[in-house]
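Have a look at the structure below, then the notes.
Numbers restart at 1 for each chain; the letters A, B, ... are given by sequence-line order, proteins then strands.
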Number of protein chains: 2
Amino acid sequence: MLSRVRSAVAHLVSSGGAPPAGPKSPDQPEAASLLPAVPPEAPGSPPAKAGSASGSAAAPAKAAEARASFSRPTFLQLSPAGLRRADDHAGRAVQSPPDTGRRLPWSTGYAEVINAGKSRHNEDQACCEVVYVEGRRSGSGAPREPGPGQGLCFYYWGLFDGHAGGGAAEMASRLLHRHIREQLKDLVEILQDPSPPPLCLPSTPGTPASSDPPHLVGPHSCWPSQKEVTHESLVVGAIESAFQLMDEQMAQERHGHQVEGGCCALVVVYLLGKMYVANAGDSRAIIVRNGEIIPMSREFTPETERQRLQLLGFLKPELLGGEFTHLEFPRRVQPKELGQRMLYRDQNMTGWAYKHIQLEDLRFPLVCGEGKKARVMATIGVTRGLGDHNLRVCSSSLPIKPFLSCFPEVRVYDLTQYEHCPDDVLVLGTDGLWDVTSDTEAAATVDRVLSTYEPNDPSRYTALAQALVLGARGTPRDRGWRLPNNKLGSGDDISVFVIPLGGPGSYS
Amino acid sequence: MLSRVRSAVAHLVSSGGAPPAGPKSPDQPEAASLLPAVPPEAPGSPPAKAGSASGSAAAPAKAAEARASFSRPTFLQLSPAGLRRADDHAGRAVQSPPDTGRRLPWSTGYAEVINAGKSRHNEDQACCEVVYVEGRRSGSGAPREPGPGQGLCFYYWGLFDGHAGGGAAEMASRLLHRHIREQLKDLVEILQDPSPPPLCLPSTPGTPASSDPPHLVGPHSCWPSQKEVTHESLVVGAIESAFQLMDEQMAQERHGHQVEGGCCALVVVYLLGKMYVANAGDSRAIIVRNGEIIPMSREFTPETERQRLQLLGFLKPELLGGEFTHLEFPRRVQPKELGQRMLYRDQNMTGWAYKHIQLEDLRFPLVCGEGKKARVMATIGVTRGLGDHNLRVCSSSLPIKPFLSCFPEVRVYDLTQYEHCPDDVLVLGTDGLWDVTSDTEAAATVDRVLSTYEPNDPSRYTALAQALVLGARGTPRDRGWRLPNNKLGSGDDISVFVIPLGGPGSYS
């Protein structure tokens with residue numbers, strides 16, 4: 001496994017971070033040296049999801065501040081003045097792609113707004129692309145037009161919510177879909193062949209993949225029992241592998257201090273009739289179909305992943321460094337409570353029981369806090385994502401990365417199983433949206449906004465994305481951004497994609 | 001955690017297996033020496049869920065065969081002739097409690113049938129009890145009548161599906177509810193007090209638990225953040241701890257070769273208006289309410305727990321003994337495939353990807369097979385339950401127990417949230433039922449049988465349990481037990497409880 005990762009990364013990243021010799025192949029994710037400098041954090045502002053994180057590369061990052069640039073998604077087509085407006089914490093103007101330019105694929109709607117001051121720049125990033133995958137057989141020349149037996153196209157949307165710096169989100173928004181393309185290259189012919197995927201392939205990727213695999217080592221071998229592997233599960237595996245390779249690439253490049261912080265990643269791949277929704281972090285995707293809500297992701301936080309984290313701390317106590325206990329208590333145990341009995345939970349329990357407090361129970365709990373204040377090692381509030389290779393416990397050298405997973409959960413939605421109307425949408429949002437918007441409220445906004453537009457008006461999805469962002473941001477009033485009910489709006493970065501499932505231009 | 005387990009077990013089990021001095025306290029689970037000899041397996045018959053398991057205590061167990069006894073649940077009130085009939089693999093007569101005797105609590109229905117020859121005896125066991133829990137404060141005298149502030153009653157149903165011998169199932173059916181009672185003792189006063197449970201208790205269980213805990217170390221302490229712990233989660237924790245202690249007790253006693261094999265455990269506790277359904281293994285519980293099916297458990301098998309098992313093998317490779325690989329392949333890798341690329345999944349993946357086959361991939365996969373043929377270490381087809389402390393890989397000394405979990409998943413159903421009618425039932429069944437009966441078919445049988453009885457006829461639930469067992473067993477035809485559709489019926493032991501949720505006698 002590890003060797004596969006290492007060799008694949010070596011394949012993707014030119015050694016030493018130098019740009020590849022000759023013209024840059026469009027098939028290769030960009031090399032380290034091509035990355036723009038990473039925007040450092042605003043001095044004194046806490047990282048978005050890291051309570052008291054300290055990167056070991058903090059000092060060099062600060063040194064690099066002067067050359068830091070601020071970027072927004074290219075599809076926003078922002079002028080220098082527009083970029084300054086998008087970066088203004090006071091005005092918090094909602095940004096969308098211009099009405100005049102080329103629309104996003106499927107007439108996808110998009111809107112974003114910067115935070116209210118929690119970090120210097122907007123640490124969310126977004127990407128929307130149509131990606132052509134050329135099969136390995138076709139050689140490495142320039143991409144040809146898609147055609148039967150030649151290549152595959154996939155549609156791609158990604159939201160990346162950065163923390164402790166914007167570098168990881170920026171890098172993922174540029175490269176993750178290329179890693180996915182790279183993983184799909186081996187599958188181009190297999191996915192277009194209706195017969196079951198071959199279980200075994202020749203060792204050289206360049207040679208024909210499935211010329212006669214059943215006779216060699218294919219699915220009809222006489223081995224007594226073999227699992228049926230679906231085409232769908234190959235795409236899921238390709239996305240999972242791409243996330244892992246993206247994370248590994250960030251690990252390789254952090255030594256040059258190019259990648260600062262980490263990010264949640266929520267991406268959608270539309271391929272051969274199916275939507276693959278992959279989530280690592282606390283962003284969220286829902287489908288609103290005929291008014292019904294279909295959850296397409298779940299959040300990965302210290303609370304939802306408590307048992308995984310505790311199990312790891314229990315099996316590998318060296319990761320706790322004698323500073324943390326893998327047990328959870330309802331609050332910090334006090335020294336005077338030694339010998340008393342306190343409620344606790346271990347990695348196997350969902351309920352609570354009493355235990356006698358011993359000396360090691362006075363250590364800080366690996367997982368503590370509730371809701372948005374829940375933390376791993378008192379530092380980070382999200383347990384899956386990309387990057388964070390430098391993240392360490394405050395005033396300690398203890399690394400947090402071993403507890404974080406870069407693997408997404410992938411849910412699949414078959415678009416061909418239902419006749420969608422133009423009001424059926426897939427909504428993707430970073431936690432800035434969902435912190436103050438319930439699924440039901442989002443579905444109500446879908447209904448309210450789309451009903452005021454003609455079904456074939458392609459601008460309706462951007463209007464909806466803007467309405468969702470505005471509804472979560474609120475308006476400035478009483479020294480804060482407030483919602484109509486006078487509760488506080490979201491002070492976080494907010495980014496929203498609205499993908500029509502039956503609108504004009506879908507499936508094209 | 002471990003010390004708590006050890007001391008508690010030491011408290012429960014008299015040292016050396018000798019009976020406790022003086023009159024046996026009704027509050028203590030029975031000591032080892034009080035167990036009947038364990039029925040050994042039929043020579044040559046494979047263990048129920050273990051492909052090629054070999055217990056290290058196999059020889060002594062065979063030596064003990066002569067003194068083995070065969071037991072069925074006492075509530076069946078079987079005469080010696082009835083016991084022989086229940087043990088007859090040829091006739092496979094369905095057994096239920098007699099119509100004439102004392103009914104089970106809530107008029108619960110029960111039926112069982114022995115297997116078609118896969119093991120010498122019926123390795124399922126069952127238990128149905130009303131259990132009184134005396135608070136620690138009340139001292140250790142004889143139990144008093146329940147009353148406010150004095151004690152608590154819970155209703156209890158348990159199904160235990162044994163494998164590789166009937167000892168574990170038999171022991172669990174006699175003792176698990178006593179472990180639950182023991183765990184609830186500390187909670188008697190807390191559960192009857194509507195205020196939130198105290199987070200911390202004085203060290204001595206005998207002293208008043210919550211005389212003034214808020215002032216001491218209670219829920220209103222000024223500590224900045226503390227979790228709210230519900231009464232419900234304390235009961236869940238008590239059940240989880242009881243499972244662990246039951247398993248630990250089996251570990252202690254296996255050295256005397258008293259406990260052979262392991263068992264799945266599915267138990268229901270009704271306490272203070274709520275049903276707690278705890279499942280460890282591949283039995284299943286469903287509620288059928290107004291025709292609707294509400295799943296109350298899920299099965300724990302090598303397939304459903306693949307990622308947990310693989311993660312353990314990855315983090316603790318010594319548990320694989322150089323014989324197994326934690327990676328999963330769709331079929332066994334062949335030496336001639338070295339260097340080729342084969343589909344695989346690791347502990348992080350739900351999809352499949354190709355990897356280059358290396359030498360260590362030729363090891364046997366930790367998890368292999370599909371459906372009822374799925375196995376951990378080529379041996380056992382169920383991944384949670386009690387016992388199995390002696391289970392080892394065939395012709396190897398590698399223990400399998402480290403991969404098995406004794407912890408149940410507990411689901412809670414609040415009976416007070418819905419007005420139940422006499423046709424609403426909770427159905428518990430061992431896998432002998434569910435292997436050939438879908439949830440929908442079971443719900444149809446519920447409707448068909450109950451509609452032919454008066455709503456207040458207490459025998460209707462036993463009739464339903466019998467119909468479910470008969471429907472899964474089938475009738476002897478064409479050299480096998482066959483269902484009306486001519487498919488094979490279940491050749492396994494089959495046991496079913498039908499618990500009425502709104503019938504005569506419920507909630508009493």
message: As an exercise, state the distance from CH2 of A:W352 to OG1 of B:T230, rounded to the nearest 0.5 Å.
response: 10.0 Å
Interatomic spacing from CG in B:L201 to NE2 in A:H356 - rounded to 0.5 Å: 9.0 Å
Part of A:E328 lying under 4.5 Å from any heavy atom of chain B: side chain
message: Can you confirm whether more than 12 heavy atoms, excluding those of B:E228, are under 6.0 Å from its CD atom?
response: no
- line: Pair count under 4.5 Å, heavy atoms only, with chain B: among A:L312, A:T350, A:V410, A:V236, highest is A:T350
query: Does B:C200 offer a backbone N or O that forms a donor-acceptor pair with the side chain of A:E337 under 3.5 Å?
result: no
- prompt: When rounded to the nearest 0.5 angstrom, what distance separates CD in B:E240 from CZ in A:R345?
  reply: 9.0 Å
task: Provide the closest heavy-atom pair for A:P202 versus B:R341 in the form atom of the first, atom of the second, distance.
output: O-NE, 3.2 Å
Structural part of B:L187 lying under 4.5 Å from a heavy atom of chain A: side chain
- prompt: Just by distance, do the side chain of B:R331 and the backbone of A:K227 share a donor-acceptor pair under 3.5 Å?
  reply: no
message: Quick check: do A:Y354 and B:P197 have side-chain heavy atoms less than 4.5 Å from each other?
response: yes
- prompt: Which residue out of B:I357, B:L315, B:D361, B:I239 racks up the most heavy-atom pairs below 4.5 Å with chain A?
  reply: B:L315
task: Find the distance between CG (B:L199) and OH (A:Y344) and round it off to the nearest 0.5 Å.
output: 15.5 Å
task: Just do the side chain to side chain contact (heavy atoms under 4.5 Å, CB included) check on A:F243 and B:N348 with the steps written out, would you?
output: CA-CA 11 Å; A:F243 270 68; B:N348 296 305; over 6 Å; no
Contacting region of B:E303 [heavy-atom separation from chain A under 4.5 Å]: side chain
message: Using 0.5 Å steps for rounding, measure from the CZ atom of B:R308 to the CZ atom of A:R308.
response: 15.5 Å
field: Residues B:L311, A:L311; criterion side chain to side chain contact (heavy atoms under 4.5 Å, CB included); working and verdict
entry: CA-CA 10 Å; B:L311 178 65; A:L311 178 65; 4.2 Å; yes
